[in-house]
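What you are looking at is a predicted structure, and each value in this text was computed from that prediction instead of being measured.
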Amino acid sequence: MTNSEIVDLLELTGRLMELHDRDAFKTRSYQTAAFNLDKSTADLSNMPVEELVKLQGVGKSVAQKIREIAETGHLTELDELLAQTPQGVLDMFRIKGLGVKKVRTLWHELGITNLRDLQLAGENGQIAKIKGFGASTQEKILAALEFLQEQQGKVRMDKAAMIANLLVERLTPHFERVEISGQVRRKAQEVDAIQLLIQTSDPVAAMLTLNGLDNLEQNVPDSSPFAWRGHLAGFDVLVELLFYPAEQMNRQLFIQTATDAHLKQAGTGGVPLLQVAYSSVLPESANTTDVTEVETAIYEKAGLPYIVPEMREDDFAFRWASRHKNEELVTWDDLKGTLHNHSTWSDGKQSVADMAAYCQKLGLSYFGIADHSKTASYANGLDAERVRQQQLEIDELNKGFGADFRIFKGIESDILGDGSLDYDNDTLATFDYVVASVHQTLTMSEEKATNRLLRAIENPYTTILGHPTGRLLLAREGYPIDHRAIIDACAEHNVIIEINASPYRLDIDWHWIEYAMQQGVKLSINPDAHDFAGLLDMHYGVAIGRKGGLTKAMTFNALTLTEMREYLKKRRAEIRK
DNA sequence: GCCGTTTTCGGCCCGACTGTTTTCAGTCG
């Protein structure tokens, strides 16, 4: 059991205890234990009770529960609570704006035990009639339900990659060649089908083999003699396994990776790319696995420039290719540092020193710390005094590094409702740079949200605009903003825009990268890391950056240490003028 | 149930905002 699995079970237990009106303080103790353990780096599943009780928020009782979870994978108390809770009531927790109290009211007052009934109650106006609810709440619930339904059967790119790799591992022993294709190979940020190509000359035998494997649940009506469709147990996303003979593998890998829109692109003589892919005699030394060679040949025959897999979405790629070369696209190796990260000073799991050391291990030459600011009290945000203390710590740490590594002093300053940052100028002036982000009051009209961001961009202390829309993929739509106005303002005020690389956000959306580049606005691939693993999220940022055509030259954190120091110094000097 | 003592029992929590209220409960990050 991983820490987060243990924490999730404790958190759910606390939530269900509250739902079922158990003792409020007992309930809270589960919730605070989960809250504290979520930030712990201790190896919970391998700790004895006497060690566990030393952790903040963990007493004898919760320690024993953790042991039970670690040893059995279950918590008896939770299982009992779950048995008393309809699945549909649990589903209601996924609706933004519904907490325990409202869910309990909907369940007990209207007898709602599934999302369908919830929708009907909303459409009939019943929800608005409950005291404590109103027309506005009802509207919000209906909108959130609709959003949730749209996300059904989709997973984020990180989970999709994990499932795809799991399948490759499972299938490789049984087949000559297994390749990830489709949305996962294309690095789509949301995936509704995990697609793999399987090389076989005997589809009937292949089907039998697949159906003999554990945890692969076939959906027979959706399958065909050459395509197994179904699910991997435990994951609510379609798995599609397509059978091809050896000589078709590379050709199909190309075809299945690109979107229809991309394949419709006409090349020389108006022949669509798809037709070229099907009709060409390809350089197939039978089993060559050099896919790039084959795909290069296809584009060449079509008279079109080679497009990297990430960009095979629509005709944007061809417009981009008329102005750029593929070699200009940013890569992981181009990244020289990282600028939006958290530490134990706010809600991160690791210390500044440990995070910096890990960055050195990754081969980066600078680590920017941008912990939460004072308004983010829920995340233990730093007031001016703690900012000062943290900066002293960073000064000390920097003394220990040679000329090839440095920690930069940043902050993720909340953009308040009126667009101002939440420190006075004297404090803002102490940072090497400022990431300005919105964290509260996320329901705004486009006009209000845009004006709020514009004011933050105009603030001379703002270096980077953090996650511009506040969206959470598959969970929450961001607030609407006028992207052009925001990007134009960033150009005017010399503000960099973040590509938040967390697979939960990927915000700013890749569709806006090209416009930003055209306006001369650089983008920073920011992991928003709260622990070591979070730093690796920059891989997703690179993938999504490439999808949007981001070049190394326009990637802010591709600046070398020397260049970054110079840039930040110059930017500071401009403020003083 | 946990914590922290004024050491074995009494008090537990961060603040902004929204929508529903007419003084505040519920949600969120």
Side-chain angles (χ1 to χ4, degrees), chain A residues 10-11 13-19 22-39 49 52-66 68 75 77-78 81 92-106 109 127-144 342 346-348 371-383 386 412-420 422 437-445 448-449 452 466-467 469-472 475-479 500 502 504-505 507 528 530:
Chain A
L10 289 174
E11 203 272 334
T13 307
R15 188 194 298 241
L16 292 187
M17 285 166 74
E18 194 180 341
L19 182 69
R22 299 294 153 82
D23 178 78
F25 291 112
K26 189 172 162 182
T27 297
R28 170 160 302 157
S29 69
Y30 276 81
Q31 290 163 346
T32 47
F35 178 78
N36 285 306
L37 294 175
D38 190 35
K39 288 186 290 182
V49 169
L52 287 167
V53 294
K54 291 178 190 164
L55 299 170
Q56 185 65 235
V58 178
K60 233 159 103 187
S61 172
V62 171
Q64 266 151 12
K65 308 287 180 197
I66 294 173
E68 184 188 344
L75 187 58
E77 200 168 347
L78 174 59
L81 287 162
M92 283 197 268
F93 285 121
R94 291 164 54 210
I95 293 168
K96 290 280 169 191
L98 288 187
V100 174
K101 306 248 170 55
K102 286 209 170 109
V103 167
R104 185 170 52 203
T105 306
L106 289 165
E109 301 240 336
I127 294 175
K129 287 183 200 150
I130 311 172
K131 60 173 175 293
F133 291 63
S136 172
T137 304
Q138 181 171 272
E139 279 311 303
K140 270 172 86 174
I141 290 174
L142 285 174
H342 299 269
S346 66
D347 62 349
D371 269 316
H372 287 286
S373 59
K374 66 177 179 189
T375 308
S377 49
Y378 60 88
N380 196 21
L382 280 60
D383 59 21
R386 290 180 69 227
E412 183 180 21
S413 183
D414 272 21
I415 299 173
L416 304 178
D418 64 357
S420 59
D422 67 343
S437 311
V438 168
H439 283 115
Q440 55 254 283
T441 320
L442 302 166
T443 27
M444 293 176 281
S445 66
K448 196 179 165 199
R452 186 176 175 187
H467 45 69
T469 75
R471 75 176 181 188
L472 292 176
R476 180 178 76 204
E477 268 179 303
Y479 38 83
N500 191 293
S502 162
Y504 285 78
R505 292 188 182 269
D507 180 15
D528 202 349
H530 288 71

Locate the shortest heavy-atom distance separating A/Leu16 from A/Phe93; write the atom from each residue and the value. CD2-CE1, 4.3 Å
Contacts of A/Ala33 that satisfy side chain to side chain contact (heavy atoms under 4.5 Å, CB included) - sequence neighbours left out: A/Val62
Hey, are the side chains of A/Leu37 and A/Val58 touching, using non-hydrogen atoms and a 4.5 Å cut-off? yes
Calculate the interatomic distance between A/Arg452 atom CZ and B/dA16 atom P; express it in whole Å. 13 Å
Residues in ring pair (Phe, Tyr, Trp, His ring centres under 6.0 Å) contact with A/His439, at least two apart in sequence or another chain: A/His372, A/His467
If you measure from the P atom in B/dT5 to the same atom in B/dG1, how many Å do you get, rounded? 22 Å
In chain order, what residues pass the side chain to side chain donor-acceptor pair (under 3.5 Å) check against A/Thr375, with sequence neighbours excluded? A/Asp422
Those residues at least two apart in sequence (or on a different chain) that pass side chain to side chain contact (heavy atoms under 4.5 Å, CB included) with A/Val53 are A/Val49, A/Ala63
Between B/dC13 and B/dC2, how far apart are the C1' atoms? Round to whole Å, please. 14 Å
Nearest-angstrom distance, P atom, B/dC12 to B/dT18: 29 Å
Pairwise P distance for B/dT20 and B/dT27, with rounding to whole Å: 13 Å
Contacts of A/Lys65 that satisfy salt bridge (Lys or Arg N to Asp or Glu O under 4.0 Å) - sequence neighbours left out: A/Glu77
Considering only the C1' atoms, how many Å lie between B/dT23 and B/dC17, rounded to the nearest integer? 16 Å
What interatomic distance, in whole Å, is found between C1' of B/dT8 and the corresponding atom of B/dC3? 12 Å
Base contacts versus sugar-phosphate-only contacts with protein, heavy atoms under 4.0 Å: please encode nucleotides 1-12 of chain B as B, S and - from 5' to 3'. BSS--------B
Test salt bridge (Lys or Arg N to Asp or Glu O under 4.0 Å) applied to A/Arg452 - qualifying residues, sequence neighbours left out: none
What distance, rounded to whole Å, do you find between the two P atoms, one in B/dG10 and one in B/dC14? 23 Å
Measuring only the C1' atom in each nucleotide, how far is B/dT6 from B/dG11? A whole number of Å is fine. 14 Å
pair_partner(B/dG26), Watson-Crick or wobble, both distances < 3.5 Å, evaluates to B/dC17
Distances under 3.5 Å between protein N/O atoms and the N/O atoms of nucleotides 18-21 of chain B, please, pair by pair.
{"unit_1": "B/dG19", "atom_1": "OP1", "unit_2": "A/Ser136", "atom_2": "OG", "d": "3.4"}
{"unit_1": "B/dG19", "atom_1": "O3'", "unit_2": "A/Thr137", "atom_2": "OG1", "d": "3.3"}
{"unit_1": "B/dT20", "atom_1": "OP1", "unit_2": "A/Gly134", "atom_2": "N", "d": "2.7"}
{"unit_1": "B/dT20", "atom_1": "OP1", "unit_2": "A/Gly134", "atom_2": "O", "d": "3.2"}
{"unit_1": "B/dT20", "atom_1": "OP1", "unit_2": "A/Ala135", "atom_2": "N", "d": "3.4"}
{"unit_1": "B/dT20", "atom_1": "OP1", "unit_2": "A/Ser136", "atom_2": "N", "d": "3.4"}
{"unit_1": "B/dT20", "atom_1": "OP1", "unit_2": "A/Thr137", "atom_2": "N", "d": "3.2"}
{"unit_1": "B/dT20", "atom_1": "OP1", "unit_2": "A/Thr137", "atom_2": "OG1", "d": "3.1"}

So the side-chain hydrogen bond (donor to acceptor under 3.5 Å, both in side chains) pairs with at least one residue in residues 130-139 of chain A (sequence neighbours excluded) are none
Quick one: what's the B/S/- string for nucleotides 23-29 of chain B, heavy-atom cutoff under 4.0 Å, read 5' to 3'? ---SSSB
Looking at residues at least two apart in the chain, or sitting in another chain, which of them share a side chain to side chain contact (heavy atoms under 4.5 Å, CB included) with A/Thr27? A/Met17, A/Glu18, A/Arg22, A/Gln31
Applying side chain to side chain contact (heavy atoms under 4.5 Å, CB included) to A/Leu442 and not counting sequence neighbours gives A/Val438, A/Arg476, A/Tyr479
Is the base of B/dT18 syn or anti, if syn means a glycosidic angle within 90° of 0? anti
